[in-house]
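Down below is the structure, laid out as structure tokens.
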2 protein chains.
Amino acid sequence: MNIAQHLSTHDIKPSYQRIKIYEYLYEKMNHPTVDVIYKNLVGEIPTLSKSTVYNTLKLFIDKGITSTLTIEDNEVRYDAAVESHGHFKCTSCGAIFDIKYDFKDVAMNKLKGFEIKETQVHVKGKCNQCLTNKN
Amino acid sequence: MNIAQHLSTHDIKPSYQRIKIYEYLYEKMNHPTVDVIYKNLVGEIPTLSKSTVYNTLKLFIDKGITSTLTIEDNEVRYDAAVESHGHFKCTSCGAIFDIKYDFKDVAMNKLKGFEIKETQVHVKGKCNQCLTNKN
DNA sequence: TTCTAAATTTGTAATCATTACAAAAATAAA
DNA sequence: TTTATTTTTGTAATGATTACAAATTTAGAA
């Protein structure tokens with residue numbers, strides 16, 4: 001994936017900060033919060049401002065190359081994947097797993113005549129590993 | 001529904017404020033925010049504090065008689081219904097509709113060996129009425 | 001009932017994420 | 001090079017939530 005080109009294709013001028021932020025989102029795929037992104041990039045970009053992270057993510061969302069998820073209240077996370085998919089969050093280790101689900105299975109029969117723009121599925125519990133480790 | 005008794009059954013002493021807050025949640029079923037609850041009750045309980053609303057809702061959640069939903073980032077809402085069900089929010093009029101869905105349909109095959117505690121399904125779009133009114 | 005202890009409510013201050021905004025820096029165009 | 005535009009940055013403002021201690025209410029014991 002050529003990130004600069006991907007940004008350009010979506011009408012986003014590929015500045016250094018924008019490339020780095022998108023690169024982080026895309027390569028880590030770890031559903032980071034703004035704070036996590038900032039802390040991970042400020043070493044490499046010492047002048048980086050949190051404002052830039054906020055601005056950039058807002059731009060990415062406007063242009064449709066990033067989506068948000070809010071599993072816990074007060075904890076907005078960002079995702080380079082924009083196709084509909086769900087998220088499982090382990091309440092023990094905090095890890096987030098992507099889960100696929102079939103759009104039409106999610107009670108869409110209940111929403112006849114409604115125009116659906118976005119669906120989010122969040123599941124919380126304990127992951128495989130934490131269960132075996134008895135965390 | 002006898003609210004005082006319902007609270008007592010769940011190990012919550014039925015104070016005046018607690019009864020009123022639960023009553024509001026239960027009778028309106030409008031998925032209110034803290035602010036909405038406060039504004040709607042402060043007329044009847046002039047000394048009511050927002051702290052009380054926060055404290056009370058936290059207590060209700062601990063005791064399992066209230067659940068939260070966060071469809072929009074930064075907008076925590078409360079619900080007297082605790083069974084798994086989904087929510088549709090109309091982006092035009094802001095109304096929230098409950099939707100039933102089948103727990104096991106939501107990609108649970110992907111989560112073998114995981115312990116699932118909670119699922120949330122959020123759908124955004126335009127409701128029937130807004131579509132016909134061309135809002 | 002009266003006294004005392006515990007629980008609840010309240011108001012204010014502190015915190016934290018996010019937004020607003022204007023100055024500084026970088027980039028592009030003339 | 002000069003000028004205009006875009007992007008980045010830092011600080012201040014906002015708003016929701018939490019922390020906390022004082023005031024009030026409730027419950028229990030004497």
Side-chain angles (χ1 to χ4, degrees), chain A residues 3-4 6-8 10-25 31-63 65-79 94, chain B residues 3-5 7-8 10-25 31-63 65-79 94:
Chain A
I3 288 171
H6 183 61
L7 298 182
S8 293
H10 290 85
D11 195 26
I12 299 167
K13 285 188 190 158
S15 74
Y16 180 61
Q17 287 86 339
R18 288 170 179 174
I19 290 172
K20 284 296 176 189
I21 291 171
Y22 193 80
E23 187 178 70
Y24 182 82
L25 270 185
H31 310 87
T33 59
V34 163
D35 204 57
V36 167
I37 297 170
Y38 174 77
K39 289 204 171 98
N40 272 276
L41 293 179
V42 76
E44 200 178 351
I45 316 167
T47 63
L48 184 66
S49 162
K50 257 190 194 175
S51 295
T52 302
V53 180
Y54 278 107
N55 292 341
T56 302
L57 290 169
K58 186 171 288 182
L59 180 68
F60 288 174
I61 290 162
D62 280 355
K63 301 299 185 183
I65 63 167
T66 297
S67 60
T68 61
L69 51 143
T70 308
I71 302 181
E72 306 288 347
D73 307 338
N74 293 325
E75 192 188 69
V76 182
R77 294 170 173 278
Y78 296 84
D79 195 339
Chain B
I3 288 172
Q5 194 166 357
L7 297 183
S8 294
H10 290 86
D11 195 27
I12 299 167
K13 285 186 190 159
S15 74
Y16 179 61
Q17 287 86 340
R18 289 171 178 174
I19 290 172
K20 284 297 175 188
I21 291 171
Y22 193 80
E23 187 178 73
Y24 181 82
L25 270 185
H31 311 87
T33 61
V34 163
D35 205 58
V36 168
I37 297 170
Y38 175 77
K39 288 205 171 98
N40 272 276
L41 292 179
V42 75
E44 200 177 351
I45 316 169
T47 63
L48 184 65
S49 162
K50 257 190 193 175
S51 296
T52 302
V53 181
Y54 277 107
N55 291 340
T56 303
L57 291 169
K58 185 172 289 182
L59 180 67
F60 287 175
I61 289 162
D62 281 354
K63 300 299 185 184
I65 62 166
T66 297
S67 61
T68 61
L69 52 142
T70 310
I71 301 180
E72 306 288 346
D73 307 338
N74 294 324
E75 192 188 69
V76 182
R77 294 171 172 277
Y78 296 84
D79 193 340

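No experiment lies behind these values; they were computed from the predicted model shown. Proteins get letters first, then strands, A, B, ... in listed order; numbering begins at 1 in each.
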Query raised in the report: Run the side chain to side chain contact (heavy atoms under 4.5 Å, CB included) check on A:L41 and A:V53 step by step: do they pass?
Result: CA-CA 10 Å; A:L41 293 179; A:V53 180; 5.9 Å; no
I need the [X] [atom1] to [Y] [atom2] distance, nearest 0.5 Å.
X     : Y     : atom1 : atom2 : result
A:D62 : A:L57 : CG    : CG    : 11.0 Å
B:I45 : B:N40 : CD1   : CG    : 11.0 Å
B:L25 : B:T66 : CG    : OG1   : 5.0 Å

Report task. Go through the structure and list residues passing side chain to side chain contact (heavy atoms under 4.5 Å, CB included) with A:T70, not counting sequence neighbours. Result ->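 With sequence neighbours excluded, A:T70 shows a side chain to side chain contact (heavy atoms under 4.5 Å, CB included) to A:V76, B:T70, B:D73, given in chain and number order.
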Query - side chain to side chain contact (heavy atoms under 4.5 Å, CB included) partners for B:I19, two or more places apart - result: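 Partners of B:I19 under the side chain to side chain contact (heavy atoms under 4.5 Å, CB included) test: B:I3, B:A4, B:L7, B:P14.
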Requested in this report: Can you tell me which residue pairs pass the side-chain hydrogen bond (donor to acceptor under 3.5 Å, both in side chains) test with a partner in residues 49-61 of chain A, sequence neighbours excluded?
Outcome: A:D35-A:K50
Report task. Quick one: which residue pairs count as a side-chain hydrogen bond (donor to acceptor under 3.5 Å, both in side chains) with a foot in residues 10-19 of chain B, not counting sequence neighbours? Result ->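 Checked against side-chain hydrogen bond (donor to acceptor under 3.5 Å, both in side chains) - neighbours excluded - the pairs reaching residues 10-19 of chain B are B:D11-B:K63.
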Query - Results of ring-ring contact (aromatic ring centres under 6.0 Å, His included) for B:F60 - residues two or more places apart only - result: B:Y22
How many whole angstroms separate atom [atom1] of [X] from atom [atom2] of [N]?
X     : N      : atom1 : atom2 : result
B:I21 : C:dT8  : CD1   : C1'   : 12 Å
B:L7  : C:dA7  : CG    : P     : 18 Å
B:I12 : C:dA7  : CD1   : P     : 15 Å
A:N74 : C:dT15 : CG    : P     : 17 Å
A:Y38 : C:dA17 : OH    : C1'   : 15 Å
A:R77 : C:dT18 : CZ    : P     : 11 Å
B:K20 : C:dT10 : NZ    : P     : 14 Å

Report task. Taking only heavy atoms on the protein side, list every residue of residues 43-62 of chain A lying under 4.0 Å from any atom of DNA chain D, sorted numerically. Result -> A:T47, A:L48, A:S49, A:S51, A:T52, A:N55
Query raised in the report: With sequence neighbours left out, what residues match A:Y38 under side chain to side chain donor-acceptor pair (under 3.5 Å)?
Result: none
Query - Those residues that, when tested against B:E75, pass side chain to side chain donor-acceptor pair (under 3.5 Å) (two or more places apart) - result: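 B:E75 satisfies side chain to side chain donor-acceptor pair (under 3.5 Å) with B:R77, B:K89 only.
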**Report entry** Bounds of contact between DNA chain D and chain B, in 5' to 3' order, using a heavy-atom cut-off under 4.0 Å
**Finding:**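 First-to-last contact on DNA chain D, by the 4.0 Å heavy-atom rule, is D:dA16 to D:dA19.
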Below 3.5 Å is the cut-off: list the nitrogen or oxygen pairs between protein and nucleotides 26-30 of chain C, distance only.
none

